[in-house]
Each structure stands twice: as C-alpha cells, then as structure tokens.
Number of protein chains: 2
Amino acid sequence: MSKEPSQKPTEAELEILQLLWQHGPSTVRFVNEELNKAKEVGYTTTLKFMQIMTEKGMLAPDKSSRTHIYRPLLQEEDTQRKLLNRFLDTAFRGSASKLVMQALGNRETSQEELNEIRNLLDKLEGGKP
Amino acid sequence: MSKEPSQKPTEAELEILQLLWQHGPSTVRFVNEELNKAKEVGYTTTLKFMQIMTEKGMLAPDKSSRTHIYRPLLQEEDTQRKLLNRFLDTAFRGSASKLVMQALGNRETSQEELNEIRNLLDKLEGGKP
DNA sequence: ATGTATCTACGATATTTTTCGTATTTCTTT
DNA sequence: AAAGAAATACGAAAAATATCGTAGATACAT
C-alpha cells in the first residue's frame, strides 16, 4: 500500500510547507527557527511534525548527511488550488466573486497587483467577446 | 465570566452556520436533515454541536417552546472576512492577488460577476488617481 | 579521548474536534 | 391516563492535532 502523495495539510503543516516553498529544502533547525519568529515552538515538536509529514508523503528527507534536509513533495500552486476550492465551498458556499470582493476590499492591494487582476479579467472575458 | 461572542468556527460549525445564514433561525431537526443531505450525522451529534456553539456564543436558542429555535449570532460577512484573512495568510502568505487569480482562474465565473469585480477594481483605483 | 552540543527516533501526553449513547422531560394520540 | 414519539441534557468515547521529554547516536572542540 503505497501512500497517496497528497492530503489536506493541517494549518501547522501548511506553515511548514510555506517555509519550504519559500526557502527551498531546509533542515529542521532552520524551519524551527523560522516558526519561532511567530510563536514559540519546541525543536522536537517541529521535528515530529516534519517526520509525520514525511510519513504522509508531503516531504522527502535527504538523509545522506546526519542533518537531514527536507524538501516539499507538494507543489505550492496545486496545494493552494485544492485548499482554495475547499475553502470557497465551506466559507463562501462556492461564490468565487464574493470571495474575491472580500479579498480585494479588505486589504491594501498594490497598483501592480490590481493591474494583474485586470489583465486576468480581460483574458477571461476575451473568450466570448 | 461573559464569553466573547466570536471565535474561529471549526469546519463542522461553519457548515451549521451556513445553513442558518441561508435559511434563517432553525430547529436542530431541520439542521440535522440538511446536514444529512451531504453525509450521515446522528441527531444528537448535531444537537451537541449546536449546544456547544451556543456555549461559545455563536448561536442563541429561543427556548420559549419545547422545540428550540437557534439563530446565528455571528454575521456572515464578518465571519467570512475573518476566515478569509486567516486563510489568506496561511495558504497564500498574504498575497491577495494570488488568491484572486486562482479563484477566478479555477472556476467558471459569470459575466455579471466579472463586471462586479471590475467595478470594484475601478473603485479601488479611483482612490488615488 | 572525553566532554559537550546537536541530531534523530520514539513514545507519551495534552488539546481540540467530532461523534454518540443513555437518561429524562415533554408532548401527542388514543 | 398510559403508551409512544420527539426533544433536550449530560457525559463520555473516538479521532484528529499539536506538543514535548527522554534516550541514544554522531559530530566537534579542546
């Protein structure tokens, strides 16, 4: 029974994945230090998480040296897409536009980002002019 | 010790809130039947949830008749906003535009909705011409 | 080469979330 | 008024998440 590579990461797992996506393959110590910038977490706690994530097939450790280096097996965009779809359904009953409106309304969004979005809108509407 | 009215609802709690937002104040039985359209859940399970949610200050039961009627104390948009902010940070590292792009890209969005979004963009950019 | 620091392995505990069973109370129906 | 149906109250088990301590192995510095 080989394990399916994906699942829904928990919040804590997601935080770790974020760090790995952002910084590339890393050691437990590094991840732990990064996590500690936000809140206190014991080293072994982080280690345990990363081991569990490895069991679940989310990470792969390079064990060639004593200090293991973990890399994420889940793709960032893939994972985001799945999480987003789930979130959209549970929190917004599937209404993407409501979500988008909230997301844009609640936060400062840079001019550059707004332009990107506008471009996307153009592309989406371009399909049926 | 008065309880703070809000907290982060769990997924199961959110499902119940959704039903109450959608249909207005309801009985346990009604909520339970709705939940059962998606998956089997025992009546007492639903009851317990709604009682816990009441303790947490998310719901308020009208107990004037034997069959209690629960109404949500959390506002839909409020709650969505909070959940969204959290989700945005944990899943998209705070990048609203990335989230928006994914949300629009992954799903069919109606012309009407696209227009709404475009209007919002105009309004957002209007602020600093 | 010996003590100290750093790792991983592993198991255990704590916390939160989900799920139910049973008892008791309150209607309804006959 | 008694039997049965439908609700709530309560407690507790089960499952999923999160957190840590200790032991043993490995490297490093003196």
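Residue numbering restarts at 1 for every chain, and letters A, B, ... go by the order of the sequence lines.
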Look at the rings of A:Phe87 and B:Phe87 and say which category their plane angle falls in: under 30° parallel, 30 to 60° tilted, over 60° perpendicular.
-> parallel
Please state how far atom NZ in B:Lys48 lies from atom P in D:dA14, giving the value in whole angstrom units.
-> 16 Å
Is there a side-chain polar atom (N or O) of B:Thr45 under 4.0 Å from OP1 or OP2 of C:dT18?
-> no
Is the closest side-chain heavy-atom distance between B:Pro25 and B:Asp62 below 4.5 Å?
-> no
Between D:dA16 atom P and A:Ile52 atom CD1, what is the distance in whole Å?
-> 13 Å
Please give, in whole Å, the distance from D:dT17 P to B:Lys8 NZ?
-> 11 Å
Any side-chain heavy atom of B:Glu76 within less than 4.5 Å of one from B:Gln18?
-> yes
Any side-chain heavy atom of B:Tyr70 sitting closer than 4.5 Å to one from B:Val31?
-> no
Classify the nucleic acid contact of B:Thr10 as base, sugar-phosphate or nothing, counting any heavy atom under 4.0 Å across all strands shown.
-> sugar-phosphate
Please give, in whole Å, the distance from C:dT19 C1' to B:Lys39 NZ?
-> 10 Å
Which sits closer to the 5' end of DNA chain D, B:Tyr70 or A:Glu11, going by the nucleotide each is nearest to?
-> B:Tyr70
Quick one: does B:Arg81's side chain get under 4.5 Å of B:Asp78's, heavy atoms only?
-> yes
Phosphate contact (D:dG21 OP1 or OP2) by A:Thr44 side-chain N/O below 4.0 Å | no
Distance below 4.0 Å between A:Lys63 side-chain N/O and C:dA9 OP1 or OP2 = yes
Expressed in angstrom and rounded to an integer, what is the separation of B:Phe49 atom CZ from C:dT16 atom P?
-> 15 Å
Do the side-chain N or O atoms of A:Tyr43 get closer than 4.0 angstrom to the phosphate oxygens (OP1, OP2) of D:dG21?
-> no
Check whether any side-chain nitrogen or oxygen of B:Arg66 sits under 4.0 Å from OP1 or OP2 of D:dA6, and answer yes or no.
-> no
Separation of A:Leu47 atom CG from D:dG21 atom P, in whole Å?
-> 14 Å
In this structure, CG of B:Leu20 is separated from CD1 of B:Ile69 (nearest 0.5 Å) by 11.5 Å
D:dA9 phosphate, OP1 or OP2, under 4.0 Å from B:Gln51 side-chain N/O | yes
Nearest-angstrom distance from the residue atom CZ of A:Phe30 to P of C:dC7 | 14 Å
Rounded to whole Å, CD of A:Glu40 lies from C1' of D:dC20 at a distance of 12 Å
Axis bend over the full length of the helix from C:dA1-D:dT30 to C:dT30-D:dA1, computed from five pairs that close each end, to 10 degrees = 0°
Could you give me the CA-CA distance, side-chain angles and deciding distance for B:Leu83 and B:Leu14, then say whether side-chain contact (heavy atoms from CB on, under 4.5 Å) is met?
-> CA-CA 10 Å; B:Leu83 290 174; B:Leu14 194 53; 3.7 Å; yes
